[in-house]
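This report concerns only the one structure given below.
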Amino acid sequence: MLYFADAPTLVADLATGAAPFSAYLWIGILTFTTYVLAGHMREQVCLYMCPWPRIQAALTDEWALNVTYRADRGEPRMSVKAAKKAEDLGLPAGDCVDCLQCVAACPTGVDIRDGMQLGCIQCGLCIDACDTVMTKLGREDGLIAYDTDMNIERREQGLSPVYRLVRPRTVLYTALIVVVGAVMVYALATRGFTGVNVLHDRNPIFVTLSDGGVRNGYTIRILNKRPIERHYSLLIEGLPEDATVDAVGHPIMVAGKPMITVGPDTTEEIRVLIAVPADSGLTKSSDIVFRVVDTASGESATASDFFRIE
Ligand code: SF4
Ligand code: SF4
């Protein structure tokens, strides 16, 4: 909740009971949903609600390093006693003793020995569980490990494992990440510290005044993204010189332009009324631009809208 409001102010208001009702309501909703999801639904969230397993399944391939049960080494699974008997008879015996410790350790209840599954969140707990078992039995660890489906196939065919980190898929993903990252860095580096949004009145879209002039109403919001109070002048471009601009509740005018003060790291919503005389010569709908200019730094921001006379 502190993300959506001025954090120190909201903390103080919450403590004194002066915060808006919506703040208490949303804290209640978030607390309740967190408790239900993390306290009761738990792995159901991973299995049925989280989109990550679907994304992971689309991204991975037979060369990708995933938490993998090395079936070539583990199968046929059997107890230590049965494995000894099989060896005496010259029959194959895998390293998996079917103790189910990997399943017990898995937070989503996956049996990784059945292969890669949607429920697997790649946490690696089954690796640790199985390594503990292997160590106790005096066998080499790594029966479950980060490996690829391709290597299991290759070992089953008597070939040595191969790891291919650079392949078309990884090159494409890297390129996409670099492009998206560059766009984000550029957007962050060039982002302005002033913004303005404009909303034209919908009903009525214009008002004809008693002297034949026409007035349009707008709601504008000025964004001050710096941690200091700033003073903006409001200019409207695209209107005749005899047009009048009234920022309601902001009577201070400098050089005929309304002055608006916006507090640090905050926004200010203002009602603006623009009027033109009867013989303004404007067409039915004229494009206009709202420009706010920081009087100290000269930094400005613009938003486009229209002025209607009929
Ligand atoms: S990596 Fe984690 S989620 Fe996946 S099977 Fe192993 S314990 Fe379960
Ligand atoms: S923990 Fe290892 S040995 Fe035990 S069942 Fe799982 S894979 Fe087999």
Side-chain angles (χ1 to χ4, degrees), residues 33-167 169-170 173-174 177:
T33 50
T34 303
Y35 177 71
V36 170
L37 296 178
H40 292 281
M41 292 185 65
R42 298 165 66 88
E43 72 273 14
Q44 309 306 324
V45 176
C46 304
L47 295 176
Y48 302 114
M49 293 173 67
C50 177
W52 169 246
R54 278 83 194 164
I55 298 169
Q56 179 179 262
L59 294 178
T60 198
D61 65 4
E62 68 275 23
W63 290 100
L65 280 168
N66 285 313
V67 174
T68 304
Y69 168 66
R70 287 172 164 156
D72 56 297
R73 179 185 148 191
E75 301 296 325
R77 63 189 77 164
M78 61 185 71
S79 66
V80 176
K81 215 186 261 180
K84 181 87 181 65
K85 266 190 207 162
E87 273 168 22
D88 291 345
L89 295 169
L91 296 171
D95 274 347
C96 175
V97 292
D98 209 11
C99 64
L100 295 179
Q101 286 305 303
C102 49
V103 183
C106 179
T108 58
V110 162
D111 186 344
I112 196 66
R113 297 173 302 169
D114 295 338
M116 187 66 181
Q117 293 153 69
L118 280 186
C120 178
I121 55 173
Q122 300 286 318
C123 67
L125 288 176
C126 53
I127 296 179
D128 296 342
C130 189
D131 281 352
T132 306
V133 174
M134 289 297 113
T135 305
K136 276 187 191 155
L137 295 175
R139 294 177 180 172
E140 190 190 344
D141 61 13
L143 178 54
I144 302 176
Y146 283 97
D147 207 344
T148 69
D149 288 346
M150 185 57 75
N151 280 340
I152 292 178
E153 259 179 51
R154 287 179 65 85
R155 280 193 296 263
E156 282 172 345
Q157 293 165 11
L159 302 169
S160 55
V162 172
Y163 296 95
R164 278 183 52 198
L165 292 180
V166 180
R167 51 191 198 278
R169 189 181 279 260
T170 53
Y173 293 163
T174 307
I177 290 170

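For ligands, and for the atoms within them, numbers begin at 1 and follow the listed sequence. The basis for the numbers below is simple: all heavy atoms, side chains too, and nothing from hydrogens, waters or symmetry mates.
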Please could you name the atoms of ligand 2 that [X] approaches to less than 4.0 Å, counting only its heavy atoms?
| X | value |
| --- | --- |
| Ile144 | 7 (S) |
| Cys96 | 3 (S), 5 (S), 7 (S), 8 (Fe) |
| Arg113 | 5 (S), 7 (S) |
| Cys99 | 1 (S), 3 (S), 4 (Fe), 5 (S) |
| Met134 | 3 (S) |

- Task: Could you tell me whether atom 8 (Fe) of ligand 2 has an N, O or S atom of Cys102 under 2.8 Å away?
- Result: no
- atom 2 (Fe) of ligand 1 contact by Cys123, N, O or S atom under 2.8 Å: yes
- Task: Mind listing the closest non-hydrogen atom pair of Ala71 and Ile152 along with its distance?
- Result: N-CD1, 4.2 Å
- Note on the structure: Residues Gly94 and Arg139: closest non-hydrogen pair is O-NH1, 4.1 Å
- Measure Leu100 to ligand 2 on non-hydrogen atoms and call it side chain, backbone, both or neither using the 4.0 Å cut-off. backbone
- Message: Just to be sure I read this right, does ligand 2 sit under 4.0 Å from the backbone of Ile112, its side chain, both, or neither, counting only heavy atoms?
- Response: neither
Checking [X] side chain against [Y] main chain: does a donor-acceptor pair fall under 3.5 Å?
| X | Y | value |
| --- | --- | --- |
| Gln122 | Asn66 | no |
| Arg155 | Pro161 | no |
| Arg154 | Ser160 | yes |

- Task: Please test Asp147 against Arg73 for salt bridge (Lys or Arg N to Asp or Glu O under 4.0 Å), starting from the C-alpha separation and ending with a verdict.
- Result: CA-CA 13 Å; Asp147 207 344; Arg73 179 185 148 191; over 6 Å; no
- Query: Out of curiosity, is Gly124 lining ligand 1, as in a heavy atom under 4.0 Å away?
  - Reply: yes
Protein residue, atom and distance nearest to [atom], heavy-atom basis:
| atom | result |
| --- | --- |
| atom 4 (Fe) of ligand 1 | Cys120 SG, 2.3 Å |
| atom 8 (Fe) of ligand 1 | Cys106 SG, 2.2 Å |
| atom 2 (Fe) of ligand 2 | Cys130 SG, 2.4 Å |
| atom 3 (S) of ligand 2 | Val97 N, 3.5 Å |

- Query: Below 4.5 Å, heavy atoms only, C-beta onward: do Asp98 and Arg113 meet side chain to side chain?
  - Reply: yes
- Note: Gln122, heavy atoms under 4.0 Å from ligand 1, region reported as backbone
- Note on the structure: side-chain contact (heavy atoms from CB on, under 4.5 Å) test vs Cys126 passes for just one of Val103, Asp131, Val110, Ile144, namely Ile144
- Item | Greater than 12 external heavy atoms within 6.0 Å of Tyr48's OH | no
- For Arg42, does the CZ atom sit with more than 12 other heavy atoms under 6.0 Å from it, leaving out its own atoms? no
- CG (Asp61) and OG1 (Thr170) are apart, to the nearest 0.5 Å, by 8.5 Å
- Output the list of atoms in ligand 1 that are nearer than 4.0 Å to some heavy atom of Cys126, sorted by atom number. 1 (S), 5 (S), 6 (Fe), 7 (S)
- Item | Ile121 neighbourhood, listing ligand 1 atoms whose heavy-atom distance to it stays under 4.0 Å | 3 (S), 4 (Fe)
